[in-house]
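The structure appears below as structure tokens.
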Number of protein chains: 2
Amino acid sequence: MADFDTPYINELINQFGQLPGIGKKTAQRLAFHILSQPEEKSQGLARAILNACENIHLCNICCNLSDRETCDICTDESRDQSVICVVESPLDVAAMERTREYHGLYHVLHGAISPMQDVGPEQLHLRELLTRLQKNPEIQEIILANNATIEGEATATYIARLLKGTGIRTTRIAQGLPMGSNIEFTDEVTLAKALLGRQTI
Amino acid sequence: MADFDTPYINELINQFGQLPGIGKKTAQRLAFHILSQPEEKSQGLARAILNACENIHLCNICCNLSDRETCDICTDESRDQSVICVVESPLDVAAMERTREYHGLYHVLHGAISPMQDVGPEQLHLRELLTRLQKNPEIQEIILANNATIEGEATATYIARLLKGTGIRTTRIAQGLPMGSNIEFTDEVTLAKALLGRQTI
């Protein structure tokens, strides 16, 4: 692929191309969009990136992203201090909050155990979770809301084993039919999980 | 969709979401990628945007993007000064250059006539093209390499009409079967164009 005659455009394409899910063609399209729109708009994106990098850090308790030392959820005393929901990413916190069904605390692992991608338990924010449990005897339940993927399952199993013997109740969110789905079109693994997880009504 | 509790993340998502082809979900994913990678890498993207905005301008002759007042192609005296290839975008210049079959000059319109998107001939860099033609009597041919879309065709027809009576030869690049294609699977419009454009072999 022929490159452009200026290092500025090539560098911009290269930088966009390093973002996840952005290939060479999309990177080119984005770069030319940046150059074709009014300069202030493009500078707005650059400024947003720099501001976010500068101001967003991990909450010192739950490891969620926040612009304060301790995030809004951890400092909110009206929330149930006896439950921690363990999730893989900050986006999962947002998804859980959207349900309006959960009023406890969170702990963000920032990943899942994945030997394929060279991610072991030590790369996740598990140490912070254990410290939290030691410091806060009021915690009674850990809800494992890891993804329903192989990596998520492995991570949930790992944490459950880690917490065995601590006396803290460890639960895993249910797996089964998503709302609006037909049994006919549901894959067999999901259906098996739904059967195993059946509850008396 | 619940937003995040910090304006920095929301602004970053909002900014990414304004890029073409980037929806809300992708914008979120990109924003969290920016926040999860080492700070220098994210700052690299911001810097690339700012540098490109500052240094890239339109060439004062052909309207292609360049970091000089006049671009490399326009200043290259070894190129055929008697032909100008008219294209819609700087990406098209790169595509034409990749063929290694064209050694003339370019003119970048930055768009195509599109009443649906409120783009008229006056928004394209047509005045610059006409000035070029007046100033350079050595120009003998204008190749219209607009896209083979309704907008591209309309723009090509418009320019061809504009140049009528100037004595300059105006040509349109051929439309027909793309290489490697089967007649069986070719749409009827392309096939009709291929028939109409047939040449003696």
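Below, chain A is the first sequence line, B the second, and so on; all start at residue 1.
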*Please determine, among A:Leu58, A:Asn51, A:Asn64, A:Leu35, the option with the most heavy-atom pairs under 4.5 Å with chain B.*
A:Leu35

*Could you tell me whether A:Ile183 atom CD1 has more than 12 heavy atoms of other residues or ligands within 6.0 Å of it?*
no

*Identify the residues of residues 72-80 of chain B whose heavy atoms come closer than 4.5 Å to a heavy atom of chain A, ordered by number, or report 'none'.*
B:Asp72

*Where on B:Arg47 is there a heavy atom nearer than 4.5 Å to chain A: the side chain, the backbone, both, or neither?*
neither

*Determine whether the side chains of B:Gln117 and B:Gln123 contain a donor N or O and an acceptor N or O closer than 3.5 Å.*
no

*Would you mind telling me which of B:Gln43, B:His33, B:Glu11 has the largest number of heavy-atom pairs within less than 4.5 Å of chain A?*
B:His33

*Highest number of heavy-atom pairs under 4.5 Å with chain A: which of B:Leu30, B:Asn55, B:Leu12, B:Leu50?*
B:Asn55

*Any chance you could lay out the salt bridge (Lys or Arg N to Asp or Glu O under 4.0 Å) test for B:Arg172 and B:Glu153, step after step, and finish with the verdict?*
CA-CA 9 Å; B:Arg172 176 89 174 100; B:Glu153 288 294 323; 3.0 Å; yes

_Does any backbone or side-chain atom of A:Gln18 lie under 4.5 Å from a heavy atom of chain B? Answer side chain, backbone, both or neither._
both

*Does any heavy atom of chain B fall under 4.5 Å from the side chain of A:Ser42, the backbone, both, or neither of them?*
both

_Any side-chain donor near an acceptor of the partner, A:Thr155 and A:Asn146, under 3.5 Å_ = no

*Pair A:Glu141, A:Thr171: side-chain N/O donor-acceptor within cut-off below 3.5 Å*: yes

*Begin with the C-alpha distance, continue with both residues' side-chain angles, and end with the deciding distance and a verdict on side-chain contact (heavy atoms from CB on, under 4.5 Å) for B:Leu65 and A:Phe32.*
CA-CA 9 Å; B:Leu65 297 171; A:Phe32 282 93; 3.3 Å; yes

*Heavy-atom pairs under 4.5 Å with chain A, option from B:Ser36, B:Ser66, B:Cys53 with the top count*: B:Cys53

List the atom pairs, donor and acceptor, that lie under 3.5 Å between side-chain atoms in residues 99-111 of chain A and the rest of the protein, sequence neighbours left out.
from, atom 1, to, atom 2, distance (Å)
A:Thr99, OG1, A:Met96, O, 2.6
A:Thr99, OG1, A:Glu101, N, 3.2
A:Tyr102, OH, A:Val83, O, 3.4
A:Tyr102, OH, A:Cys85, N, 3.0
A:Tyr102, OH, A:Leu105, N, 3.3
A:Tyr102, OH, A:Leu105, O, 2.5
A:Tyr106, OH, A:Glu97, OE2, 2.6
A:His107, ND1, A:Arg132, NH1, 3.1
A:His107, NE2, A:His125, O, 2.7
A:His110, NE2, A:Cys63, O, 2.5

*Name of the residue among A:Thr26, A:Ile34, A:Ile22 meeting side-chain contact (heavy atoms from CB on, under 4.5 Å) with B:Leu19*: A:Ile34

*Quick one: does B:Asp92's side chain have a donor or acceptor within less than 3.5 Å of a partner on B:Ser89's backbone?*
yes

*For the candidates A:Ala46, A:Cys71, A:Ala52, which exhibits the highest count of non-hydrogen atom pairs separated by less than 4.5 Å from chain B?*
A:Ala46

*Please lay out, stage by stage, how B:Ile159 and B:Leu163 fare under the test side-chain contact (heavy atoms from CB on, under 4.5 Å).*
CA-CA 6 Å; B:Ile159 299 175; B:Leu163 299 181; 3.9 Å; yes

